[in-house]
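To keep things clear, I will list the structure first and then write my remarks on it.
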Number of protein chains: 2
Amino acid sequence: MTTPAQGLHTHVLDALGLEIAAGEHLPGQVLRTDELARRFDVSRTVVREVIRVLESMHLVESRRRVGVTVRPTEAWNVYDPQVIRWRLAGADRPRQLRSLTVLRSAIEPVAASLAARHATPEQCAELTERALGMVATSRGQQLEGYLEHDIAFHRIVLNASGNEMFARLGDVVAEVLAGRTHHQVMFEDPDPAAVTLHVRLAEAVREGDAAGAERLTKEIAVGALHELDVLAP
Amino acid sequence: MTTPAQGLHTHVLDALGLEIAAGEHLPGQVLRTDELARRFDVSRTVVREVIRVLESMHLVESRRRVGVTVRPTEAWNVYDPQVIRWRLAGADRPRQLRSLTVLRSAIEPVAASLAARHATPEQCAELTERALGMVATSRGQQLEGYLEHDIAFHRIVLNASGNEMFARLGDVVAEVLAGRTHHQVMFEDPDPAAVTLHVRLAEAVREGDAAGAERLTKEIAVGALHELDVLAP
DNA sequence: CGGGAACAAAAAGTACGACGTTTATGTCAC
DNA sequence: GTGACATAAACGTCGTACTTTTTGTTCCCG
């Protein structure tokens with residue numbers, strides 16, 4: 001599952017980012033650039049570019065004479081989709097999944113409420129389509145198909161909210177949903193109640209029922225949180 | 001207000017980031033590394049590191065044979081505090097301020113509700129202290145002092161929520177509050193109603209009144225949105 | 001014996017030049 | 001007109017040399 005090296009830089013960045021996100025280098029630990037260069041068998045130039053990117057994500061801090069020191073988790077840019085991906089691939093996936101789901105529970109109801117007011121007819125149509133797609137794939141081990149519709153559904157709601165910050169959370173939600181499907185024990189079909197809620201949410205948005213959309217989204221969020229409690233105590 | 005160039009890299013990054021965030025380079029426009037190197041009078045090495053960082057923020061995309069192309073706004077990592085700062089310094093500050101305030105209105109009530117449940121005695125004490133500080137500085141043109149207390153107050157609530165994603169939004173909230181104070185016409189003292197709400201919010205958190213804390217925070221958010229509507233139509 | 005100033009070393013920061021790699025684009029033949 | 005091929009433009013990578021900052025150490029003076 002490693003990145004297919006579409007450039008040396010990408011490969012090293014991904015490897016180092018994963019290591020740090022996984023906690024393999026404790027905060028305060030120092031890495032030296034030429035050491036890394038040797039280790040990955042690349043030039044110091046490439047390493048320095050990687051370090052700069054990691055630094056912009058606040059994963060590390062580079063200081064002269066001392067080296068590249070790993071920063072504590074509290075400093076990280078945890079909203080960076082790249083960082084999220086690295087963390088979800090690591091050891092503290094459960095905690096990460098939980099805090100992201102709580103974030104969703106705060107954002108998505110408000111986004112749905114706004115979407116009910118601002119959604120274009122096209123968005124409403126696609127939303128309904130996706131909801132129906134979820135129904136169609138909700139039985140018979142079609143988890144991948146279901147996931148695709150689910151992601152698209154939530155992305156449409158976030159986009160339709162008309163708020164840029166909400167819209168850009170689509171990638172995060174996609175990561176969460178994908179993580180839930182792929183890495184949790186999910187032999188069974190999705191919860192029928194959740195499927196129904198999505199259908200009703202599509203209706204509420206189409207009818208411009210802001211309060212209803214908000215309430216339904218909250219229910220979906222509660223369900224997701226509950227699911228986490230049951231599967232990952 | 002430009003960064004005092006604690007390194008060539010930082011200077012160029014800040015300059016270019018500002019330009020792009022301000023829309024001086026339209027999406028699709030290409031920049032060439034040699035050209036930039038000449039323009040800023042630095043080596044191509046430095047420029048490439050800057051480009052890499054900008055690329056990690058999805059502000060630009062670097063492709064062989066074509067150059068560094070500016071990406072559309074929808075692709076940007078709008079949660080990156082650095083990007084937020086650049087955008088707040090640019091032309092679409094009003095829109096940016098508005099979408100961030102809407103984001104706050106979604107996050108902070110939930111965070112306050114969680115804070116009411118999880119806040120430690122120390123956090124409660126400091127919260128009360130900050131609320132009193134806001135009262136003390138709410139009259140007589142002590143805007144800077146008020147701002148400091150306000151920022152600290154909201155930061156504590158976000159931290160006390162116990163959710164990492166919420167906590168990391170403290171920087172964003174700080175930028176919004178600072179932007180509001182510094183760049184809007186704010187001759188007058190803060191709204192007394194808002195001050196009162198903060199005091200009551202501190203009480204609610206201290207008493208573990210989750211519902212009350214959520215409601216009060218919503219009121220604060222509504223006030224902030226209203227203020228935006230009045231001052232920046 | 002203690003403290004401060006000069007000094008030395010270590011590591012990142014910067015520069016430069018050369019070469020490799022990809023890929024858009026235009027040309028030429030069919 | 002279409003397809004293969006050559007070309008060149010831009011980024012990608014490398015190695016080396018030099019600069020700057022920080023830090024630790026040593027040594028001299030009080």
Side-chain angles (χ1 to χ4, degrees), chain A residues 2-17 19-20 25-72 75-76 82, chain B residues 2-17 19-20 24-72 75-77 82:
Chain A
T2 53
T3 311
Q6 57 175 9
L8 275 185
H9 172 267
T10 309
H11 172 63
V12 177
L13 176 63
D14 214 52
L16 253 186
E19 287 181 11
I20 296 174
H25 305 281
L26 298 180
Q29 182 174 346
V30 300
L31 311 168
R32 254 127 338 143
T33 54
D34 40 2
E35 193 174 297
L36 292 170
R38 269 198 309 277
R39 197 184 127 201
F40 288 104
D41 194 38
V42 295
S43 70
R44 212 167 63 105
T45 311
V46 172
V47 172
R48 296 195 72 264
E49 286 170 13
V50 170
I51 295 300
R52 278 276 138 78
V53 172
L54 256 23
E55 199 173 24
S56 86
M57 297 169 174
H58 291 90
L59 262 60
V60 303
E61 187 184 12
S62 178
R63 286 176 53 200
R64 281 182 152 146
R65 160 69 183 180
V66 53
V68 178
T69 70
V70 178
R71 301 186 66 176
W76 298 356
Q82 178 79 91
Chain B
T2 54
T3 311
Q6 57 174 5
L8 276 184
H9 171 267
T10 309
H11 171 64
V12 178
L13 176 63
D14 214 53
L16 252 186
E19 286 181 11
I20 297 175
E24 290 180 32
H25 306 280
L26 298 180
Q29 182 174 346
V30 299
L31 312 168
R32 256 137 316 149
T33 54
D34 305 296
E35 197 173 292
L36 293 171
R38 267 197 310 276
R39 198 185 127 200
F40 289 103
D41 193 38
V42 295
S43 70
R44 209 168 63 107
T45 313
V46 171
V47 172
R48 297 196 73 265
E49 287 171 13
V50 170
I51 294 300
R52 277 276 137 79
V53 173
L54 256 24
E55 199 174 25
S56 86
M57 296 169 173
H58 291 91
L59 261 60
V60 303
E61 187 184 12
S62 177
R63 287 175 54 199
R64 285 181 149 142
R65 160 67 178 166
V66 54
V68 177
T69 70
V70 178
R71 301 186 66 177
W76 298 357
N77 269 180
Q82 178 80 90

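Each chain gets a letter, A, B and so on, in the order its sequence line appears, and its residues count up from 1. Note that this is a predicted model, so its numbers are computed, not measured.
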The test is side chain to side chain contact (heavy atoms under 4.5 Å, CB included); show your working for B:Thr69 and B:Arg63 and say whether it passes. CA-CA 8 Å; B:Thr69 70; B:Arg63 287 175 54 199; 5.8 Å; no
Would you say that A:Phe40 contacts A:Leu8 through its side chain, given a criterion of any heavy-atom pair below 4.5 Å between the two side chains? no
What I'd like to find out is whether the side chain of A:Val70 reaches to under 4.5 Å of the side chain of A:Leu26, using heavy atoms alone. no
What pairs of nitrogen or oxygen atoms, one from the protein and one from nucleotides 16-18 of chain C, lie under 3.5 Å apart?
{"unit_1": "C:dC16", "atom_1": "N4", "unit_2": "B:Thr45", "atom_2": "OG1", "d": "3.4"}

Taking atom [atom2] of [N] as reference, at what distance in whole Å does atom [atom1] of [X] sit?
X       : N      : atom1 : atom2 : result
B:Phe40 : C:dT14 : CZ    : P     : 14 Å
B:His9  : D:dT20 : NE2   : P     : 19 Å
A:Arg38 : D:dT13 : CZ    : P     : 20 Å
A:Leu8  : C:dG20 : CG    : C1'   : 12 Å
A:Leu36 : D:dT13 : CG    : P     : 16 Å

Determine, stepwise, if the pair B:His9 / B:Val42 fulfils side chain to side chain contact (heavy atoms under 4.5 Å, CB included). CA-CA 9 Å; B:His9 171 267; B:Val42 295; over 6 Å; no
Should B:Glu55 and B:Arg52 count as an ion pair when the cut-off is N to O under 4.0 Å? yes
Go through the steps to decide whether B:Glu49 and B:Val53 satisfy the test side chain to side chain contact (heavy atoms under 4.5 Å, CB included), and finish with yes or no. CA-CA 6 Å; B:Glu49 287 171 13; B:Val53 173; 5.8 Å; no
What distance do A:Leu54 atom CG and A:Ser62 atom OG have between them, rounded to the nearest 0.5 Å? 10.5 Å
Scan residues 46-61 of chain A against DNA chain C and write down, sorted by residue number, each residue with any heavy atom closer than 4.0 Å; if none is found, say none. A:Arg48, A:Arg52
Under the rule for side-chain hydrogen bond (donor to acceptor under 3.5 Å, both in side chains), what residues qualify as partners of A:Arg38, not counting sequence neighbours? none
Applying side-chain hydrogen bond (donor to acceptor under 3.5 Å, both in side chains), can you list everything that pairs with B:Arg71, at least two apart in sequence or on another chain? none
Taking every non-hydrogen atom, the tightest pair across B:Val47 and B:Thr33: CG1-O, 3.9 Å
Quick check on D:dG12: is either OP1 or OP2 less than 4.0 Å from any side-chain nitrogen or oxygen of B:Ser62? yes
With sequence neighbours left out, what residues match B:Arg39 under side chain to side chain contact (heavy atoms under 4.5 Å, CB included)? B:Glu19, B:Leu36
Under 3.5 Å, which protein N or O atoms sit close to an N or O of nucleotides 21-27 of chain C? Give each pair with its distance.
{"unit_1": "C:dA24", "atom_1": "OP1", "unit_2": "B:Arg63", "atom_2": "NH2", "d": "2.8"}

